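Data first, discussion second: the structure below is written as structure tokens.
Within every chain, numbering begins at 1; the chains are lettered A, B, ... in the order of the sequence lines, protein sequences first and strands thereafter. Given the structure is predicted, the values throughout are model-derived calculations rather than measurements.
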Protein chains: 4
Amino acid sequence: MYFEMLKGEVIMGRKPSYTESELLDITKKLVLEHGYDGFHLKLLSQHLPGARSTIYQYYANKEEIVAACMKRVISSVIEKASAIDETDTMQALQELLGIYVDESKLHQLLGDAHKINTTNSAAASRDLDVVEQGHTTLKIQLTRLFQRAQQEKNLREDIPLPVLIGGFFNLINTPNMINVPNPEWSKLLFQMWIGGAQR
Amino acid sequence: MYFEMLKGEVIMGRKPSYTESELLDITKKLVLEHGYDGFHLKLLSQHLPGARSTIYQYYANKEEIVAACMKRVISSVIEKASAIDETDTMQALQELLGIYVDESKLHQLLGDAHKINTTNSAAASRDLDVVEQGHTTLKIQLTRLFQRAQQEKNLREDIPLPVLIGGFFNLINTPNMINVPNPEWSKLLFQMWIGGAQR
Amino acid sequence: MYFEMLKGEVIMGRKPSYTESELLDITKKLVLEHGYDGFHLKLLSQHLPGARSTIYQYYANKEEIVAACMKRVISSVIEKASAIDETDTMQALQELLGIYVDESKLHQLLGDAHKINTTNSAAASRDLDVVEQGHTTLKIQLTRLFQRAQQEKNLREDIPLPVLIGGFFNLINTPNMINVPNPEWSKLLFQMWIGGAQR
Amino acid sequence: MYFEMLKGEVIMGRKPSYTESELLDITKKLVLEHGYDGFHLKLLSQHLPGARSTIYQYYANKEEIVAACMKRVISSVIEKASAIDETDTMQALQELLGIYVDESKLHQLLGDAHKINTTNSAAASRDLDVVEQGHTTLKIQLTRLFQRAQQEKNLREDIPLPVLIGGFFNLINTPNMINVPNPEWSKLLFQMWIGGAQR
DNA sequence: CATGAATGAGAGTTCATTCAT
DNA sequence: CATGAATGAACTCTCATTCAT
């Protein structure tokens, strides 16, 4: 039948064996596991059905894959972070920490961004620009919240603000050794950061 | 020594060579800069006098170089850590943090240890075992100090001990954005950790 | 034809296709531009509507396309050349030159014929045989005309006939740097060849 | 013995299995045979002792190899051409033709120069600039000689100078079907060009 | 022993061709 | 039949390691 051959009005070829999104999921996992330099297309294709060359249906080269992956991750974080209700500053900070903890590997992942050679790929370059802007966006939000917290006299003043911010952000790297679910984990971290370790 | 002069400077006029220690210094720098997978012998030889193949006079393969490097780094940390006077627990913790901050890349460096393929090199395997033991030694010291601190009622009890330990250890990853010297930096971190961010 | 309208325009609303002749026209252009080895089906499909795989509806493989293209070109030249009135030998030679100049890239195009791998395609093999025969046909005509010109004492005798023939045929490669239309250009070339460069 | 290990004052590695010059000779032959797009490093290595990767001891990539080859060929032609005694114009032209005929594939070889992608190789780019300049140098010499020949009333005036120049230069493409040695061959071509084909 | 050349395994990429829709 | 995806062979290039000098 003709209609079986059509999708909408257009004649279609074979059905793709995986989606772009699946490809990026695996990429994220592998880049985190092996680092940018340890990430090979052979490795990727081993975690995906089909041949290595099929990957080139989706992206023109290795750089574009990783850049697209990073862009997607940071975009998702920004979307969630910008949805936070900032009325209560400390509450907002805690929620923000929850979001960061959910993507706790974000930092590690984006740390490899500078290794990506963008001279051969305009698309990768564009994606990394978005990543860069995303970084800035997050920094601005964080700074805004911290300044407000400071004005509201919620932060100790004998420690410089940048140190407090750095300490806060660095919380996400703390390995969750007791394996509690993320929401509780981030609450624990926040309490420790707020109240200190000492009784 | 007489023979060293003969070999190194008089008879042959050969290019000045380098010591094993220098080789490992450069290796450490490069592995931190590029990650384990981004670390190449070509890169190493570019930062060392002489030809790439000369490196094989010192180590049999790439794996052994990195393993030796890691072993040396952790051994040095252990030496310093075991010299700490543990009489005053909190004081000892602060000093320990200072040592860790001095080797703040320790974690990152050793994080790549599992990537090293030891099937081809008994020497690398042995060195990595030492690294493993060193890890354990450090963990034991840390646990001992924390348990003592807890007994001395110096730690809050609403947060599980492993979380406090993890948070303490994770402090070393905080980027020193205000560029103060390490001793002061580690003191700042310790205060933040002890007292919390809130006023 | 009724069916062509149905197929091409009424029933499906498919993208307009192309004729075999159009395909060969583009092929000729591209092979001349890029050489046989620089000619790709990807390139071809970029200069044609539709998908790359559609090309296989017309020809079974790359070799057949180029072989068919060459066959068509030489056949057209032979048709024109065999229509020449050979009564006046020198006049016939000049007309022949005109035909050759019109297909001045003929030589270049057919020069790549030997690169075509015919082991996988009987059709390509057959087409290249026709090309070969065409070559022979043209050579015979040229030889006949030159021998007649010699008998008619129209050619200098201190230069071997093959050299004169080669020189004549080679005229077509002369780049038309003054951009006159082909008929005049071929006349200029013929005069230079006949009369020599010296005054 | 120490001295056996030295060459001059420097410790040497293994002896190269072929020279750069040999590599370029083979390259020239193969590029002429197969064209730029048909020239592969696999092909090259098959005509050279040793492994394909050894070629990278000499040149960083395919582009550099071909560019260096072209540069060497045109440089050699220019050296010979600039040594010509131009006192007797027509004599000089004949000698120049002899040189061109010796490198009759020059044109064909350099015709592929524009296909070389120089974005990845500064060395290739520089070599191709030399090729470009060489082209210009040769054109200037040719133009100078032709203008002088014209002033000396040695050229017919009913044919535009560029046509005469083009015809002269195009002589080198004439296939030497009678297999006479190059010096005589170029003399024959020159005579044909000077005096014309007609008796 | 130090060197520079040689090597081969393996990565990234392209493309003719086949296949499922 | 036309399509776009899938495939595998082949190419370019890199690098750890070995070898001859």
Applying side-chain contact (heavy atoms from CB on, under 4.5 Å), name anything that partners C:Asn120, two or more places apart in sequence or on another chain. C:Asn117
Of the options A:Leu128, A:Thr119, A:Thr118, A:Ile116, which is the one that meets A:Glu63 in a side chain to side chain contact (heavy atoms under 4.5 Å, CB included)? A:Ile116
Can you measure C:Glu64 atom CD to E:dT17 atom C1' for me and round it to whole angstrom units? 13 Å
B:Arg126: partners by side-chain contact (heavy atoms from CB on, under 4.5 Å), with sequence neighbours left out: B:Ala122, B:Ala123
How close or far is atom P of E:dA16 from atom CD1 of C:Ile55, stated in whole angstroms? 9 Å
Nearest-Å distance for atom pair CD/P, residues B:Gln46 and E:dG4: 14 Å
In short, side chain to side chain donor-acceptor pair (under 3.5 Å) pairs touching residues 33-43 of chain C with sequence neighbours left out are C:Asp37-C:Lys115
Can you sort out the partners of C:Asp129 under salt bridge (charged side-chain N to carboxylate O under 4.0 Å, His left out), two or more places apart, ordered by chain and number? none
note: C:Tyr59, atom OH; E:dA16, atom P; distance rounded to Å ~ 17 Å
Holding to side-chain hydrogen bond (donor to acceptor under 3.5 Å, both in side chains), I want the full list of residues that pass it with B:Arg72, two or more places apart in sequence or in another chain. B:Ser21, B:Asp25
Counting primed atoms plus P, OP1 and OP2 as sugar-phosphate and everything else as base, spell out the protein contacts along nucleotides 8-15 of chain E at 4.0 Å heavy-atom distance: B, S or - for each nucleotide, 5' to 3'. B--SBBBS
Side chain to side chain contact (heavy atoms under 4.5 Å, CB included) test vs B:Leu30 passes for just one of B:Thr27, B:Ile26, B:Leu32, namely B:Ile26
Taking for C:Gln57 and for A:Tyr58 the nucleotide of DNA chain F with the nearest heavy atom, the one nearer the 5' end belongs to C:Gln57
Can you name the residues that form a salt bridge (charged side-chain N to carboxylate O under 4.0 Å, His left out) with B:Lys105, not counting sequence neighbours? none
Residues in residues 16-28 of chain D with a heavy atom under 4.0 Å of DNA chain E, by number, are D:Pro16, D:Ser17
From CD1 of B:Ile65 over to P of F:dC15, roughly how many Å is that when rounded to an integer? 15 Å
Given a 3.5 Å cut-off on both pairing distances, which stems involving DNA chain E, each at least three consecutive Watson-Crick or G-U pairs, are present, if any? E:2-21 with F:2-21
Could you tell me which residues satisfy side-chain hydrogen bond (donor to acceptor under 3.5 Å, both in side chains) with C:Ser121, sequence neighbours excluded, listed by chain and number? C:Glu64
Pairs of donor and acceptor atoms involving the side chains of residues 53-60 of chain D, under 3.5 Å and at least two apart or interchain, shall be tabulated with distances.
from	atom 1	to	atom 2	distance (Å)
D:Thr54	OG1	D:Ala51	O	3.4
D:Tyr58	OH	D:Tyr18	O	2.3
D:Tyr59	OH	D:Glu20	OE2	3.0

In whole angstrom, give the distance that lies between atom CD1 of C:Ile116 and atom P of E:dA16. 14 Å
Quick one: list whatever passes salt bridge (charged side-chain N to carboxylate O under 4.0 Å, His left out) with C:Lys71, sequence neighbours left out. C:Asp127
Round to the nearest Å and state the distance from D:His34 atom NE2 to F:dC11 atom P. 12 Å
Figure out the CZ/P separation between D:Arg14 and E:dA2, and round it to whole Å. 19 Å
